[in-house]
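Note: hydrogens, waters and symmetry copies are ignored here, and every other heavy atom, side chains too, is used. Please read all numbers here as calculations on a predicted model, not as lab measurements.
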Amino acid sequence: MFFYGCSFAPKQVGPKPTQQWAYAPDSIVIHPLSRIRVTETEHATIIVHISLHDGDGFACRGVGILNVKATTPSGEFLGEEVINLQDAEINRQHFDQVTRTYRIKFDAISKDTKRAQVQASFKGIGDGLLKSNASTLVNHSQDD
């Protein structure tokens, strides 16, 4: 017996933009999975996991503009990403279904970077600006 065209995966059409969305993001946090990862090259990668939470404290997706900035603790600029989560395909590309976080990478960071300070903000459609607390990531390959 053969079955053709059977699929149980939901159709991915993305979130529906609306100003009356009951479970829209209410807060934003830097998730503990965020880290500095050193590869075999001369560079490191900063991987930032951003979690948006609704008013009940549950992780959710958002429709709007996500901004993530990385600096050294002394303020030296390491990188910034502005991600348009209003685009359903971009939203899907950055959203990790397992951790329910948005994953943002900063490549080509010096592997000598001992610490990075990351902060994120999110501006939903018709909503105010949400800002995370700053979070310090430690390059554990630099531990003595």
Side-chain angles (χ1 to χ4, degrees), residues 5-144:
C6 291
S7 174
F8 294 103
K11 181 179 178 187
Q12 293 187 333
V13 296
K16 179 181 175 185
T18 176
Q19 291 181 353
Q20 302 302 319
W21 186 19
Y23 296 104
D26 186 56
S27 64
I28 181 172
V29 297
I30 307 294
H31 193 278
L33 286 174
S34 301
R35 65 199 179 276
I36 299 174
R37 184 180 71 195
V38 178
T39 60
E40 298 297 319
T41 67
E42 294 297 314
H43 296 100
T45 300
I46 296 173
I47 301 169
V48 183
H49 285 264
I50 306 297
S51 185
L52 298 174
H53 296 156
D54 65 19
D56 292 331
F58 293 106
C60 65
R61 291 173 69 177
V63 178
I65 304 297
L66 177 64
N67 182 288
V68 183
K69 186 176 179 180
T71 62
T72 64
S74 65
E76 178 186 339
F77 181 79
L78 295 173
E80 183 173 17
E81 288 285 330
V82 178
I83 301 155
N84 182 0
L85 298 179
Q86 295 176 66
D87 181 308
E89 186 58 33
I90 291 172
N91 198 309
R92 270 192 293 281
Q93 288 171 2
H94 286 281
F95 191 74
D96 183 321
Q97 295 178 1
V98 174
T99 63
R100 301 206 41 85
T101 63
Y102 288 97
R103 188 172 184 264
I104 294 86
K105 286 174 43 176
F106 296 95
D107 289 318
I109 305 298
S110 168
K111 75 177 188 177
D112 295 330
T113 301
K114 294 181 182 182
R115 296 179 186 276
Q117 190 109 13
V118 293
Q119 190 167 20
S121 63
F122 177 77
K123 175 79 169 97
I125 296 172
D127 295 329
L129 183 68
L130 303 175
K131 283 187 169 186
S132 74
N133 290 330
S135 183
T136 301
L137 309 180
V138 178
N139 181 347
H140 291 289
S141 70
Q142 293 292 314
D143 292 342
D144 293 326

Is there a donor-acceptor contact under 3.5 Å from the side chain of [X] to the main chain of [Y]?
X      : Y      : result
Thr45  : Asp107 : no
Gln86  : Ile65  : no
Asp54  : Asp56  : yes
Asn91  : Gly62  : yes
His53  : Phe58  : no
Asn139 : Thr113 : yes

When rounded to the nearest 0.5 angstrom, what distance separates [atom1] in [X] from [atom2] in [Y]?
X      : Y      : atom1 : atom2 : value
Ser34  : Ile50  : OG    : CD1   : 6.0 Å
His94  : Lys105 : NE2   : NZ    : 11.0 Å
Arg37  : Ile47  : CZ    : CD1   : 4.0 Å
Phe122 : Lys131 : CZ    : NZ    : 15.0 Å
Ile83  : Arg103 : CD1   : CZ    : 12.0 Å
Asp112 : His43  : CG    : NE2   : 10.5 Å

Within the 4.5 Å heavy-atom criterion, are [X] and [Y] side-chain neighbours or not?
X      : Y      : result
Ile28  : Leu52  : yes
Ile109 : Ile36  : no
Val48  : Ile30  : yes
Val68  : Phe106 : yes

Closest approach of [X] to [Y] (non-hydrogen atoms, all atoms of both residues):
X      : Y      : result
Val98  : Asp96  : N-OD1, 2.8 Å
Ser51  : Ala59  : OG-CB, 4.2 Å
Val29  : Ser132 : CA-CB, 4.2 Å
Ala24  : Cys60  : C-SG, 4.3 Å
Pro25  : Leu130 : O-CD1, 3.7 Å
Ala134 : Gln119 : N-NE2, 4.2 Å

Qualifying residues under side-chain hydrogen bond (donor to acceptor under 3.5 Å, both in side chains), relative to His31, sequence neighbours excluded:
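Per chain and number, His31 pairs via side-chain hydrogen bond (donor to acceptor under 3.5 Å, both in side chains) with no residue.
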Quick one: which residue pairs count as a side chain to side chain donor-acceptor pair (under 3.5 Å) with a foot in residues 62-83, not counting sequence neighbours?
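Those involving residues 62-83 are Asn67-Glu80, Thr72-Ser74.
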After noting the C-alpha distance and the side-chain angles of Val118 and Leu78, does the key distance pass the side chain to side chain contact (heavy atoms under 4.5 Å, CB included) rule?
CA-CA 10 Å; Val118 293; Leu78 295 173; over 6 Å; no
